[in-house]
Participant: 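Just passing along the structure, written as structure tokens.
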Amino acid sequence: MIWLTWRQFRTQAAVVFAAVAALAAALAVTGPQLADLYRTAGSSLVDQVSSSDQSVYYAGLLIVLAVPAVIGMFWGAPLISRELETGTHYLAWNQGVTRTRWLATKLGLGAAAAMTAAGLTSLAVSWWSSPIDRAVNGGGATDTYFPRLDPVAFAARGVVPMAYAAFAFVLGVALGLVIRRTLPAMATTFALYAAVQVVVPMWIRSHLAAADRTTVPIEPDGAPISIQDGARQIVAHLEEVPGAWVTSQQTLNAAGQPVPVPSSFADCLGTESGPPTLQQTDGCVADLGALGYKQQVTYQPAGNFWVLQWVETGLYLSLALALTGFCAWWIRRRLT
């Protein structure tokens, strides 16, 4: 059964692993040079990365983010739905292979290959990007590059891509079992996987590890701030905590209570001739600070990276196991 499954699966696997090998070879060409530059430049590396290496940085992010989705669509969804469409699953079942063994073999081999492909891709990209990641965590400017805890970079580093791949693969298999049509199962797999990848960083990840909280004064010479939404929102930038992921902010009054930014601040900044001058902005910020207003910032420090990685990995693997149980139940009870 294992040999038969591998023969059915080997073409897709060969294509993906060949692409992973090509990626690793390409990264190996420029990776050592980037590491040498970090050893001499430190956190200022972010200002010295060439445009070609910058393109490789973003391409690496996109590739690691795409691998689990591709695996779910092109490995998971067709794995069983194609057999259900053509009726070839009856050949195995009529030769003494139980449904549970048939499913377990396909899921086990496919999930192992999926996690290996995603893990190798993440390893190669994380290794190549590590000098830039260390430079950003050391205080380098983050306008061009993401801290490792940023939702975009986090999903393309460490061990979580392996869990994403396992989840996406089993999700595709489950949807293929239920829908029983390959193309609709592929499309639904992509849509649901993308939805989960939006929901987790927006509403779940920030609660997977204890966050830190700090209160910064609102004053011209204090922490850098941005004035947004027509002066109805203030955003503080924690330059003294490099690599942090800011999860929420709120403005506090002199009593320490969360309040909206007072309308007097927008009135102070208002001009008829155009945007306020720097001197006018500093004066309005100083007036707001004199009234006792402060900005409370909740963030995940850079040191929580691996805690969040392992906890989120456990979360996705648990979802994959739950879907595996659903597949086993469905194939025994609902599939005819």
Side-chain angles (χ1 to χ4, degrees), residues 13-71 113-165 197 201 205 224 237-246 299-310 312-313:
V15 170
V16 170
F17 281 106
V20 171
L23 172 66
L27 295 179
V29 174
T30 56
Q33 179 182 354
L34 197 62
D36 291 339
L37 183 59
Y38 173 75
R39 280 192 287 269
T40 58
S43 61
S44 62
L45 166 72
V46 294
D47 300 319
Q48 302 181 32
V49 177
S50 65
S51 58
S52 59
D53 283 344
Q54 188 177 119
S55 298
V56 172
Y57 173 84
Y58 287 110
L61 285 174
L62 292 175
I63 290 171
V64 179
L65 293 174
V67 165
V70 170
I71 285 173
M115 294 180 70
T116 301
L120 291 175
T121 305
S122 175
L123 177 64
V125 172
S126 296
W127 169 78
W128 187 94
S129 303
S130 60
I132 297 176
D133 292 340
R134 291 198 299 269
V136 171
N137 283 350
T142 58
D143 293 339
T144 305
Y145 305 102
F146 300 102
R148 287 197 306 172
L149 277 179
D150 183 274
V152 174
F154 183 88
R157 299 285 188 269
V159 296
V160 290
M162 292 192 295
Y164 296 161
Q197 287 295 84
R205 183 179 298 157
H237 303 281
L238 299 181
E239 293 185 346
E240 73 278 9
V241 190
W245 172 37
V246 175
Y299 64 94
Q300 290 286 350
N304 279 2
F305 175 78
W306 283 110
V307 174
L308 289 168
Q309 281 271 319
W310 287 113
E312 188 163 319
T313 295

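If you're wondering where the values come from, they're calculated on a predicted model, not measured in any experiment.
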Participant: Which atoms form the tightest heavy-atom contact between P151 and P201, and what is the distance?
Facilitator: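 Distance-wise, the nearest heavy atoms are CB-CB, 4.1 Å.
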
Participant: Do the non-hydrogen side-chain atoms of F17 and T116 ever get within less than 4.5 Å of each other?
Facilitator: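 Yes, close enough: below the 4.5 Å cut-off.
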
Participant: Does S50 use its side chain to pair, donor to acceptor, with the backbone of D53 at less than 3.5 Å?
Facilitator: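 Side chain of S50 to backbone of D53, a donor-acceptor pair under 3.5 Å: yes, one is there.
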
Participant: If the condition is side chain to side chain contact (heavy atoms under 4.5 Å, CB included), which residues does S43 pass it with, not counting sequence neighbours?
Facilitator: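 Counting only residues at least two positions away or on another chain, S43 forms no side chain to side chain contact (heavy atoms under 4.5 Å, CB included).
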
Participant: Just verifying a value: how many Å separate L27 CG and L123 CG, rounded to the nearest 0.5 Å?
Facilitator: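 Rounded to the nearest 0.5 Å, the CG-CG separation comes out at 10.5 Å.
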
Participant: Which heavy atom of A244 sits nearest a heavy atom of Y299, and at what distance?
Facilitator: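 Heavy atoms only, the tightest pair is CB-CD1, 3.7 Å.
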
Participant: Between F154 and F305, is the ring centroid distance below 6.0 Å?
Facilitator: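 Yes, close enough.
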
Participant: With the side chain counted from C-beta on, respond yes when R157 and S129 share a heavy-atom pair under 4.5 Å apart, and no when they do not.
Facilitator: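 They are in side-chain contact.
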
Participant: Is there a donor-acceptor pair closer than 3.5 Å between any side-chain N or O of S126 and the backbone N or O of S122?
Facilitator: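 Between the backbone of S122 and the side chain of S126 there is a qualifying donor-acceptor contact (under 3.5 Å).
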
Participant: Validate the cation-pi geometry between R134 and Y38: distance from NZ or CZ to the six-membered ring centre under 6.0 Å, angle to the ring axis within 45°.
Facilitator: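 Yes, R134 lies over the aromatic ring of Y38.
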
Participant: Hey, what do you get for CG (D133) to CG (L45), rounding to the nearest 0.5 Å?
Facilitator: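 One finds 10.0 Å between CG of D133 and CG of L45.
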
Participant: Hey, what's the ring geometry for F146 with Y57, parallel, tilted or perpendicular (30° and 60° as the breaks)?
Facilitator: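 F146 vs Y57 ring planes: parallel.
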
Participant: Does some side-chain heavy atom of V46 sit less than 4.5 Å from a side-chain heavy atom of T144?
Facilitator: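 No, too far: nothing below the 4.5 Å cut-off.
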
Participant: Report the residues that fulfil side chain to side chain contact (heavy atoms under 4.5 Å, CB included) with V159, sequence neighbours left out, ordered by chain and then residue number.
Facilitator: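 Result, side chain to side chain contact (heavy atoms under 4.5 Å, CB included) vs V159: M162, W306, Q309, W310, T313.
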
Participant: Looking at every heavy atom in both A114 and A165, which two are closest together, and how far apart are they?
Facilitator: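 Reported closest heavy-atom pair: O-CB, 3.6 Å.
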
Participant: Tell me whether Q33 at atom CD has more than 12 heavy atoms from other residues, nucleotides or ligands lying less than 6.0 Å away.
Facilitator: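 Open: at most 12 neighbouring heavy atoms sit under 6.0 Å from CD of Q33.
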
Participant: Should L61 and V125 count as side-chain neighbours, where that means a heavy-atom distance under 4.5 Å?
Facilitator: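 Not touching, per the 4.5 Å side-chain cut-off.
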
Participant: Measure across P131 and L34 and return the closest heavy-atom pair with its distance rounded to 0.1 Å.
Facilitator: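 So the two residues come closest at CB-O, 3.9 Å.
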
Participant: Considering non-hydrogen atoms only, spot the tightest contact between V64 and A155 and give its length.
Facilitator: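 The pair with the smallest heavy-atom distance is CG1-O, 4.2 Å.
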
Participant: Return the minimal non-hydrogen interatomic distance between A117 and I71, and the atom names on each side.
Facilitator: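 Shortest heavy-atom separation between A117 and I71 comes out as CB-CD1, 4.4 Å.
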
Participant: Nearest 0.5 Å please: distance from the CG atom of L308 over to the CZ atom of R148.
Facilitator: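 Taking CG in L308 and CZ in R148, the distance rounds to 11.0 Å.
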
Participant: Heavy-atom distance under 4.5 Å between the side chains of I63 and L23, does that happen here?
Facilitator: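 Touching, per the 4.5 Å side-chain cut-off.
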
